[in-house]
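Each remark here refers to the structure printed beneath this line.
Numbers for residues simply follow the sequence, beginning at 1. One-based numbering, in listed order, for ligands and for the atoms of each. Quantities reported herein were computed from a predicted structural model and do not represent experimental measurements.
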Amino acid sequence: MVDFKELIADSILSEELGLTKEEIMNMIEIPADEKMGDYAFPCFRLAKALRKAPQLIAADIAAKAGDAEAFAKVENVNAYVNFFIDRAFFAGEVIDEVERRGADYGKSDGGAGRKVIVEYSSPNIAKPFHIGHIRSTVIGNALYKLYDAVGFDVVRINHLGDYGTQFGKMIVAYRKWGSEEELAKEPIKALLGYYTKFHEEAKEHPELEDEARETFVKLEAGEPAELELWEKFRTLSLEEFTRVYDMLGITFDSYAGESFYSDKMPRFIQELKDKGLLIESQGAQIVDLEPYGLGAAMITKSDGSSLYVTRDIAAAVYRKEHYDFYKCIYVVASQQNLHFKQWKKVLQLMGYEWEKDCIHVPFGLVSLSDGDDIKMMSTREGRVVFLEDVLNTAVAKTAEIMRDKDAQGVDIEEVSKEVGIGAVIFQELSNNKIKDYVFSWDKVLNFDGETGPYVQYTHARASSVLRRAQDAGADVENLGSIDTAYLGSDSAYTLAKLIYRVPEVVIEAAEKYEPSIVTRHLVDIAQSFNKFYHDEHILVDDEAERNAKLALVKASKTVIANCLGLLGIAAPERM
Ligand code: ARG
């Protein structure tokens, strides 16, 4: 496809300006007001070197640059040269490119030959996979897809929280109050129950805490009885998580969680000692980070057991050695900002210069508005909502809405899954990730708002136009060469421009770790498509006009489906 900035730079390039093509391209602006053209080239900077008023320079350039087929008009307004792209030419370029690349439109290859790790979801096993984890899960999955789309080789890691003192508590509680049958029936709910009971009992019997600590030390030492129970908890929890991942269409390349690093830590503890970074504090080993305003990072406890940050140090080095990543992205809630700052600082002090390539991508909290009818559970941490219940509720509510709408020919059971789950994912991604936000069904499932269902509905609408055209005899699969002169209206042009920008938007979203840039653009495309749909008669009698408009509908449909796909959301044909 024509790179319009490049085309403009070529038309401006001349020896007397004394600028390289690259420099010209960087100077080209996109005017906020469309009346000032699609692109503008400011001439202020040239005045000094050329000893000429900038307006005159602009007028000279405009007079020379006008004749390319791609420009409808080139004119100067004061010191600017304004370029108006020929709308028919533009639409033709965009439509051809989408047609040619199909499902790959939006992808690029800037990342080729480099590896990126995206670590996400990472729930704590034996604890509920609650609504707070959903953000890490869906943001991480979108980042994986975005990095994949810009050409990187991406490794998806689920850094399971499958280790630590809480497993000592869980084992003690299970032995005292648990049962095999209970565990098999609803493992996570059962384990959570034991955990909660442990804390209740420990209030009266503080010696339980000691027992739990000793049990964890045994586990870390590899005692068979403890290991066996731990393994059982892990397997059962993972089965339950997998059910949720299946609903979301998410998979991982590795489930190497915290326990994976349990035997890899002595090396780093020794290394920290050798580098003179460890100091003793009340029996524990710490790295003093006071000089950096980061408190202290505890590396081992007084009983010798390891900590969360210790395992993260081991994990980072292991990943660097094993994968030789270009970037390692950690999608973890902003509540853990301090942890990640401390951990990065320790890696830096250890002399690992690649620490700068480890990136914590934080996100804000999800809270619930009162009166939302999601099943709640109360634990030591407060109200917990199971993600699976949220997804099931979303599907059930969507099915209800669809039944009310009496959607014809729609497989409600199937489509309500795509739309209900898609709605939750879209909602999670469309909030600028750093902000806290309040979850509300009315917002999530609003078919007319800036939501997943709205975008999916637009996709289904485009599909339906194409089906109707097909029924009326148009050869939608092969529209042949089209006369893009019919695509000169404002609404067609705005839509084509948004489609043109998709590859840049994908790159920007990946670079900024911000999937909401894609959701925002998708909403713009959907709104623009709907305006085109309302403003214009698409299925007109004139075949040339109809085919041109159908070609734009088809391109819109492809692009919406591709972008939804990058977010992990389905694009239903009917809804
Ligand atoms: N398991 C942790 C939690 O649920 C998140 C793990 C984040 N990843 C990491 N490498 N520390 O809070």
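Close contacts between ligand 1 and H159 involve ligand atoms 8 (N), 9 (C), 10 (N) [criterion: under 4.0 Å to a heavy atom]. Every atom of ligand 1 with a heavy atom of D312 under 4.0 Å away is listed here by number and element: 9 (C), 10 (N), 11 (N). Every atom of ligand 1 with a heavy atom of H133 under 4.0 Å away is listed here by number and element: 4 (O). Each of the following atoms of ligand 1 lies closer than 4.0 Å to a heavy atom of V332: 7 (C), 8 (N). Of all atoms in ligand 1, listed by their number and element, those nearer than 4.0 Å to a heavy atom of Y330 are 10 (N).
Contact between R311 and ligand 1 is absent, with no heavy atom of the residue lying under 4.0 Å from the ligand. Heavy-atom separations between F340 and ligand 1 include at least one value shorter than 4.0 Å.
Checked against the 6.0 Å centroid criterion, the rings of Y326 and F152 qualify as a close aromatic pair. Note: F252 and Y120 meet the aromatic proximity criterion, with ring centroids under 6.0 Å apart. Between F216 and Y163, the ring centre distance stays below 6.0 Å.
For atom 6 (C) of ligand 1, the nearest non-hydrogen atom of the protein is Y308 OH, 3.2 Å. The protein heavy-atom contact nearest to atom 1 (N) of ligand 1 is N124 OD1, 2.6 Å. The nearest protein atom to atom 12 (O) of ligand 1, hydrogens excluded, is given as Q336 NE2, 2.9 Å; this is a heavy-atom distance. The protein atom (non-hydrogen) at minimum distance from atom 8 (N) of ligand 1 is E119 OE2, 2.8 Å.
For E258, no nitrogen or oxygen atom sits less than 3.5 Å from a nitrogen or oxygen atom of ligand 1, counting backbone and side chain alike.
Expressed to the nearest 0.5 Å, how far CG of L191 lies from CD of Q166 amounts to 11.5 Å. Taken to the nearest 0.5 Å, the CZ atom of F363 stands 8.5 Å off from the CD atom of Q336.
Taking the six-membered ring where the residue is Trp, F167 and W230 present perpendicular rings, their angle passing 60° and hence far from 30°. Ring geometry for H199 versus Y195: interplanar angle over 60°, hence perpendicular rather than tilted (30 to 60°).
The main-chain N or O of G140 is never found under 3.5 Å from a side-chain atom of R156 such that the two would form a donor-acceptor pair.
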